*Asks:* 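Submitted below is the structure of interest, expressed as structure tokens.
Computed over heavy atoms, backbone and side chain alike; hydrogens, waters and symmetry mates excluded. Not measured: the values here are computed from a predicted model.
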Amino acid sequence: MIKFATSKNKRKMDEIIIEDKVFVPYIDYSRISKAIDDVAVKINDDFKSRKDVPLLLCVLNGSIMFTGELMQRLEFPCELTSIRLSSYEGTTSTGVTKKIMGLTCDITGRTVIIIEDIVDTGRTIVDLKTLLTKAGAGEVKVCTLLLKPDVYKQSVKLDYVAMEIDNKFIVGHGLDYNQLGRNYKDIYILK
Ligand code: IMP
Ligand code: MG
């Protein structure tokens, strides 16, 4: 797992402005890509010799880019479905996970791998695990591109974590500020 410290990651990319906020370069795409390579190796090791076909659950909207990149690296039969949740307003968690779009397929008895963009307070992941268990999922695994370890205090096991970051607000590679900034390939941090 790759760890990033805020001060050590000065890049030549330019700062960006989204609405009222300035963001500076934090993690460039080459590092993101390498972290996804590494996490995919672990998932492949765990799933390559299994007989069941896992269902990848993309947590929209933030995970859309990560899910696409991760899937290209998986070397076993897998299916894809999505759910849409929302808990952030501006740069802070509201503490309430809103379900914008629910499950669209039967997950009874299925092995589900949750694909998250970032785990922060962990409320989303806790609520999602409860939802999946109630819907009859067999086994539930959690995979996240990013983790803020200083904030996460929940007991749900995070099976696959690509990168750990500081407790700062970030955008890019799928993550947004007021729905903007998801399109950047690199990750930027609030100045
Ligand atoms: P949690 O429920 O507090 O773990 O937050 C999870 C969700 O909040 C993530 O899936 C993101 O969509 C959003 N989120 C958390 N931290 C950030 C951030 O730094 N930038 C953008 N979105 C974030
Ligand atoms: Mg998310």
*Asks:* Counting only heavy atoms not in Leu158, do more than 12 sit closer than 6.0 Å to its CG atom?
*Replies:*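 Atom CG in Leu158 is crowded, with more than 12 foreign heavy atoms closer than 6.0 Å.
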*Asks:* I need the single residue from Lys34, His173, Glu69 that forms a side chain to side chain donor-acceptor pair (under 3.5 Å) with Tyr29. Which is it?
*Replies:*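 So the option named by the test is Glu69.
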*Asks:* Can Asp14 and Tyr188 be counted as having a side-chain donor-acceptor contact under 3.5 angstrom?
*Replies:*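 Result is no, nothing qualifies.
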*Asks:* Contact between Ile100 and Leu85 at the side-chain level, heavy atoms closer than 4.5 Å - yes or no?
*Replies:*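 They are not in side-chain contact.
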*Asks:* Which residue pairs satisfy the side chain to side chain donor-acceptor pair (under 3.5 Å) criterion with at least one member in residues 126-136, sequence neighbours excluded?
*Replies:*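 Output for this query lists Thr97-Asp127.
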*Asks:* Specify the closest pair of heavy atoms between Cys78 and Val53, including all atoms of both residues, with the distance to one decimal.
*Replies:*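 Minimum heavy-atom contact is CA-CG1, 3.8 Å.
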*Asks:* Would you please name every residue forming a ring-ring contact (aromatic ring centres under 6.0 Å, His included) with Tyr152, sequence neighbours left out?
*Replies:*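 Once residues adjacent in sequence are excluded, Tyr152 has no partner under the ring-ring contact (aromatic ring centres under 6.0 Å, His included) criterion.
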*Asks:* Between Leu146 and Ile170, is any pair of side-chain heavy atoms under 4.5 Å apart?
*Replies:*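 A side-chain contact exists here, since the closest heavy-atom pair is under 4.5 Å.
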*Asks:* Please check: side-chain N/O of Asn167 versus main-chain N/O of Val151, any donor-acceptor pairing under 3.5 Å?
*Replies:*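 Answer holds: no.
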*Asks:* Report the C-alpha separation of Leu132 and Ile114 in whole Å, then their side-chain angles, then the decisive distance to 0.1 Å, and conclude whether the side-chain contact (heavy atoms from CB on, under 4.5 Å) test is met.
*Replies:* CA-CA 10 Å; Leu132 296 175; Ile114 300 171; 3.7 Å; yes
*Asks:* Quick one: does Asp176's side chain have a donor or acceptor within less than 3.5 Å of a partner on Gly181's backbone?
*Replies:*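 Here the side-chain-to-backbone pair does not exist.
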*Asks:* For the CZ atom of Phe66 and the CG atom of Leu145, what is their distance to the nearest 0.5 Å?
*Replies:*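 The CG atom of Leu145 is 5.0 Å from CZ of Phe66, to the nearest 0.5 Å.
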*Asks:* Working to the nearest 0.5 Å, report the span between NZ of Lys148 and NZ of Lys168.
*Replies:*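 If I round to the nearest 0.5 Å, the distance is 10.5 Å.
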*Asks:* Atom CD1 in Ile115, atom OG1 in Thr67: separation rounded to 0.5 Å?
*Replies:*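 It is 5.5 Å, given to the nearest 0.5 Å.
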*Asks:* Compare all side-chain heavy atoms of Val39 with those of Val161 and state whether any distance is below 4.5 angstrom.
*Replies:*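 No. Closest side-chain heavy atoms not under 4.5 Å.
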*Asks:* Hey, what do you get for CZ (Arg182) to CE (Met65), rounding to the nearest 0.5 Å?
*Replies:*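 Arg182 CZ to Met65 CE: 9.5 Å, rounded to 0.5 Å.
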*Asks:* Using side-chain heavy atoms (C-beta onward) and a distance below 4.5 Å, is Arg31 in contact with Asp186?
*Replies:*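 Not in contact.
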*Asks:* Check the pair Glu19, Lys21 against salt bridge (charged side-chain N to carboxylate O under 4.0 Å, His left out), reporting the backbone distance first and the verdict last.
*Replies:* CA-CA 6 Å; Glu19 295 187 338; Lys21 304 237 179 300; over 6 Å; no
*Asks:* Ring centres under 6.0 Å, that's the criterion: do Phe76 and Phe47 meet it?
*Replies:*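 Centroid distance Phe76-Phe47: below 6.0 Å, so yes.
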*Asks:* Minimum heavy-atom separation for Ser33 and Arg73, please, with both atom names.
*Replies:*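 It is OG-NH2, 3.0 Å.
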*Asks:* Supply the atom-to-atom distance Ile189 CD1 to Phe169 CZ, rounded to the nearest 0.5 angstrom.
*Replies:*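 Atom-to-atom, Ile189:CD1 and Phe169:CZ are 10.5 Å apart.
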*Asks:* Do Leu70 and Cys143 touch side chain to side chain, with heavy atoms closer than 4.5 Å?
*Replies:*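 Leu70 vs Cys143: side chains touch.
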*Asks:* What about Leu190 and Leu180, same hydrophobic cluster or not, with Ile/Leu/Val/Met/Phe/Trp/Tyr joined at side-chain heavy-atom distances under 4.5 Å?
*Replies:*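 Yes, because Leu190 and Leu180 connect within a single hydrophobic cluster, where side-chain heavy atoms sit under 4.5 Å apart.
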*Asks:* Strictly by modelled atom types, are Glu116 and Tyr160 linked by a side-chain donor-acceptor pair under 3.5 Å?
*Replies:*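 There is no such pair (donor and acceptor under 3.5 Å, judged by atom type) between the side chains of Glu116 and Tyr160.
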*Asks:* So, for Met163 and Ala35, which heavy atoms are closest and what is the spacing to 0.1 Å?
*Replies:*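 Distance-wise, the nearest heavy atoms are CG-CB, 3.5 Å.
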*Asks:* Backbone N or O of Ser30 within a donor-acceptor pair of the Asp28 side chain at under 3.5 Å?
*Replies:*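 Yes, the answer is positive, given that a donor and an acceptor are paired below the 3.5 Å cut-off.
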*Asks:* List the residues meeting salt bridge (Lys or Arg N to Asp or Glu O under 4.0 Å) with Arg110, not counting sequence neighbours, and say none if there are none.
*Replies:*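 Testing Arg110 for salt bridge (Lys or Arg N to Asp or Glu O under 4.0 Å), a comparison that skips the adjacent residues, returns Glu79.
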*Asks:* Can Gln154 and Val119 be said to form a side-chain contact (heavy atoms from CB on, under 4.5 Å), step by step?
*Replies:* CA-CA 10 Å; Gln154 308 284 352; Val119 175; over 6 Å; no
*Asks:* Could you check whether any side-chain heavy atom of Leu60 comes within less than 4.5 Å of a side-chain heavy atom of Cys58, counting everything from C-beta outward?
*Replies:*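 The answer is yes, as the side chains (C-beta and beyond) meet within the 4.5 Å cut-off.
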*Asks:* Kindly give the heavy-atom pair with the smallest separation between Tyr177 and Ile18, and that separation in Å.
*Replies:*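 What the structure gives for the nearest pair is CE2-O, 3.6 Å.
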*Asks:* Okay, side chain of Ser63, backbone of Asp117: is any donor-acceptor separation there less than 3.5 Å?
*Replies:*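 Yes; at least one donor-acceptor contact below 3.5 Å.
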*Asks:* Can you spot which of Val112, Leu57, Val156, Ile113 makes a side-chain contact (heavy atoms from CB on, under 4.5 Å) with Val142?
*Replies:*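 Single pass found, and it is Val156.
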*Asks:* Are Lys51 and Pro77 close enough that some pair of their side-chain heavy atoms sits under 4.5 Å apart?
*Replies:*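 In short, these two side chains do not touch, never coming nearer than 4.5 Å.
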*Asks:* Test Ile187 against every option in Ile165, Val171, Ile32 by the side-chain contact (heavy atoms from CB on, under 4.5 Å) rule and name the one that passes.
*Replies:*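 Exactly one candidate clears the test, Ile32.
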*Asks:* Mind listing the closest non-hydrogen atom pair of Asp159 and Val140 along with its distance?
*Replies:*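 The answer is OD2-O, 4.4 Å.
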*Asks:* Please determine whether the number of non-hydrogen atoms from other residues, nucleotides or ligands lying under 6.0 Å from atom NZ of Lys153 exceeds 12.
*Replies:*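 Counting neighbours around NZ of Lys153, more than 12 heavy atoms of other residues, nucleotides or ligands fall under 6.0 Å, so yes.
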*Asks:* Is there a donor-acceptor pair closer than 3.5 Å between any side-chain N or O of Arg84 and the backbone N or O of Met101?
*Replies:*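 Between the backbone of Met101 and the side chain of Arg84 there is no qualifying donor-acceptor contact (under 3.5 Å).
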*Asks:* Starting at OG1 of Thr111, measure out to CG of Leu55 and round the result to the nearest 0.5 Å.
*Replies:*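 The distance works out to 9.0 Å.
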